[in-house]
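Written below as structure tokens is the structure these notes are about.
So that the names make sense, note that chain A is the first sequence line, chain B the second, and so on, each numbered from 1.
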There are 2 protein chains.
Amino acid sequence: MITIKDIAARLKVSPSTVGRALADDSRISAATKQRVIEVASEMGYVANLAARMMRGVSSNLVGLVLPDIRNGFYSTIAHALSKCLEGGGFQLTLSETDDDRLTELHHIRELTSANVAGIIIVPTARPHPESVKLLKALPHIQLLRRHAALGEQWFGIDDTEAIYEATNHLVQLGHHRIGYVGGTDDLPTGSARLKGFHKALPRDETVVPAFVHLGAPGSVDFGREATRRLLSLTTPPTAIVAASVQTTQGVLEELTVQGVHAPDDLSVVGFGDEMGFRWWGPGLTTVGLPVSDLATACGLWFVHHIKQHSFTSAPYTSISPATLIVRGSTRQLGAVSGETANSPLHDTAN
Amino acid sequence: MITIKDIAARLKVSPSTVGRALADDSRISAATKQRVIEVASEMGYVANLAARMMRGVSSNLVGLVLPDIRNGFYSTIAHALSKCLEGGGFQLTLSETDDDRLTELHHIRELTSANVAGIIIVPTARPHPESVKLLKALPHIQLLRRHAALGEQWFGIDDTEAIYEATNHLVQLGHHRIGYVGGTDDLPTGSARLKGFHKALPRDETVVPAFVHLGAPGSVDFGREATRRLLSLTTPPTAIVAASVQTTQGVLEELTVQGVHAPDDLSVVGFGDEMGFRWWGPGLTTVGLPVSDLATACGLWFVHHIKQHSFTSAPYTSISPATLIVRGSTRQLGAVSGETANSPLHDTAN
DNA sequence: CTGAAAGCGCTAACAT
DNA sequence: ATGTTAGCGCTTTCAG
């Protein structure tokens, strides 16, 4: 391994001069800098990160903490962030929490001791107090979900509006007995979406409790289970709103298994736009989310502030809007087959 | 930050005693160890990785280098590995190459200078000589793809057999004009799959060159383009084999757009079993791959050998078999609608 | 403008 | 069984 000492010896200057030249210190002559840089690259010098870190400089590692990378949502985010951070000279580390606060804590501890430059996190419902403490000492941003204790720096989507759009679309089509399958309201996203659901229902309408099913948003099985329950009611709903990617998957799977056809038997609106959603039945009407753009914006902001050392805890919030993508899985209540022909090939976004 | 000195001062012993106790050194009395460990956790001591690394010990970071995390294949792998490595006390870092050898090199350089414990890599077609050199100095395993220069430590699937099964299934159904849309044969996976395709075709059959389309395996657009070409031939194929996840997606999208229905107009076999594949048309007949198991096996092996310091370059190869999942998108050549009723709900795996 | 020297936290050889 | 000491490669005062 080539060290600055080696370079110094070769150039017959002191190690500190070399160090300063490499750091582009203002009080080193241009000529010396020039020579140092030449020799350094010639000898194949690579700075020793460990040594640098020991001097208090943080690493070029950025921790990404999220529930489960297999969720298309999160892998899109990881990809976009990876690209942004790479541009800024950072490396992404991946930590999966499985929505468990202790796993989350464990990972945050690890990241802290690895001296990461910062953390981008999709927090669990109730982060452990120690996680909160550790994060306070680090530059960090919350993504998608926001927990008050973790600060005001957040990039997310307008969850309430997204589900409002979805539900309202059904209401406009004449549905009033609408089932809801989504995340528990202890999660900020879960409660925001549920709020959107309620907001879209006509005022005088009493929400039927049996129509609302809340569970783990990351669980496909919960989606299936909830759908099963909804279908087995004596007067089942005429439409279903799924309020997370995985519950959408669960709903679709269960409907397929039970041979329930959309939109003839039931209208369905999903959440997110995974590859397969457009292929399901007549094409799934769903809420499209600008996840990639969101992550890119977040990454750029992060890199910018880290580089400027301007990572204050000043509140910053960015809310991206969702758009409803109308395909074939929703229809006017009571309309017969073929009346509103939505081809899956000609999506309508509004 | 709490250091071993702080602990030493509190316990009135020397720093080295503390260090040794924490390292579970044999010549420290059990009693002292006990007290040290207690006080350490009580004070919230976290070892400083930087300092440790400077002493030559490698970090607890393991680099995962792959083309694109958005591919369901790779996110499944990342998830499984993350779990395994977490169990072994390691942290995963994510590097995307986009199948570009220079990006790959860049990442490998970064990982090297970050002193990673090892690298798990899905290599590009022709890794840069310097990448090869750098990897030689590090514990590493290849995943899915294998490049000879990178050594003999490999976990993968039997690509030839996988595509053989897929193609042979079509041949058994009477098809002999079969299109192939897959990755270029400069990639080991691409060439192995193409080999499986040829192997399944009847000996006396001349392969029609216009039926074979090779391109970037990670490109959905290539899949669409190739399908477009196949369909525009004067005598188009009666069946298509897609030989990568993304090309499968492209093929399916293009068929949908062009209004070509499987299995009536054309039989299709896909690669991999992404969420949406079962929902496409009559359900996609496809090659199922034990990706998660593969990655888990790889992760366990990796952790084991790193921990045992037994990371020799002795060849080790693990080949997992693929299984054909028969759904509705394939049918006996010439059979009319409804003849072979494959419900998407009752998959047949053989 | 450049050099000398201290020290970051930890480990390991060398003493007790 | 424990303590002392030196040094990993780098940054950063403090002196020239």
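For the pair A:Gln91 and A:Val62, the minimum side-chain heavy-atom distance is 4.5 Å or more. Contact annotation: the side chain of A:Trp301 approaches that of A:Phe155 to within less than 4.5 Å [non-hydrogen atoms, C-beta and beyond].
Regarding contacts with the backbone of C:dA12, every side-chain N or O of B:Arg55 stays at 4.0 angstrom or more from both OP1 and OP2. The phosphate of D:dA1 (OP1 or OP2) has no side-chain N or O of B:Thr32 nearer than 4.0 angstrom.
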Sequence neighbours left out, cut at 3.5 Å: what donor-acceptor pairs do the side chains of residues 114-124 of chain A make with other protein atoms?
unit_1: A:Thr124; atom_1: OG1; unit_2: A:Glu104; atom_2: OE1; d: 2.8

Which donor-acceptor pairs under 3.5 Å do side chains of residues 64-75 of chain B form with protein atoms, sequence neighbours excluded?
unit_1: B:Asp68; atom_1: OD1; unit_2: A:His79; atom_2: ND1; d: 3.3
unit_1: B:Asp68; atom_1: OD1; unit_2: B:Arg70; atom_2: N; d: 2.8
unit_1: B:Asp68; atom_1: OD1; unit_2: B:Arg70; atom_2: NE; d: 3.2
unit_1: B:Asp68; atom_1: OD2; unit_2: B:Arg70; atom_2: NE; d: 3.3
unit_1: B:Asp68; atom_1: OD2; unit_2: B:Arg70; atom_2: NH2; d: 2.8
unit_1: B:Arg70; atom_1: NH2; unit_2: A:His79; atom_2: NE2; d: 3.2
unit_1: B:Asn71; atom_1: OD1; unit_2: B:Phe73; atom_2: N; d: 2.9
unit_1: B:Ser75; atom_1: OG; unit_2: B:Gly72; atom_2: O; d: 3.2

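Although no hydrogens or angles enter the test, the distance criterion places no donor-acceptor pair under 3.5 Å between the side chain of B:Asp98 and the main chain of B:Asp100.
Set against C:dC14, D:dC10, C:dT2, the side chain of A:Arg27 has C:dT2 as its closest nucleotide. Out of D:dC10, C:dC1, D:dT4, the shortest distance to the side chain of A:Asn48 is found at D:dC10. Checking C:dT2, C:dT11, D:dT4 against every side-chain atom of B:Ser14, the shortest atom distance belongs to D:dT4. In the set C:dG9, C:dG3, D:dG9, D:dG9 carries the atom at the smallest distance from any side-chain atom of A:Ala51.
With DNA chain D read from its 5' end, the first of the two nearest nucleotides for B:Ser29 and A:Arg52 is the one closest to B:Ser29. Along DNA chain D, the nucleotide nearest B:Arg35 and the nucleotide nearest B:Met54 are compared for position; the residue whose nucleotide lies closer to the 5' end is B:Arg35.
Taking atom CG of residue A:Asp25 and atom P of nucleotide D:dC10, one finds them 16 Å apart after rounding to whole Å. Following rounding to the nearest Å, A:Met1 (CE) and D:dG9 (P) show an atom-to-atom distance of 7 Å. For the pair A:Met43 CE and D:dG9 P, the interatomic distance rounds to 13 Å; values are reported in whole Å. Rounded to whole Å, atom P of D:dT12 lies 12 Å from atom CD1 of A:Ile4. In this structure, B:Lys12 atom NZ and D:dT2 atom P are separated by 16 Å, rounded to whole Å. In this entry the distance linking CD1 of B:Ile2 with C1' of C:dG9 reads 13 Å, nearest Å. Here the C1' atom of nucleotide D:dC10 and the CE atom of B:Met53 are 13 Å apart, to the nearest Å. If you measure from atom OH of B:Tyr45 to atom C1' of C:dG9, you get 8 Å, rounded to the nearest angstrom.
Classification of A:Asp25 and A:Lys33 as a salt-bridged pair fails, no side-chain N sitting under 4.0 Å from a carboxylate O. Residues B:Arg35 and B:Glu42 are not paired through a salt bridge, judged by the lack of any N-O separation under 4.0 Å between the basic side chain and the carboxylate.
Taking a 4.0 Å limit (strictly below) on heavy-atom distances, residues 15-24 of chain A reaches DNA chain D at A:Ser16, A:Arg20.
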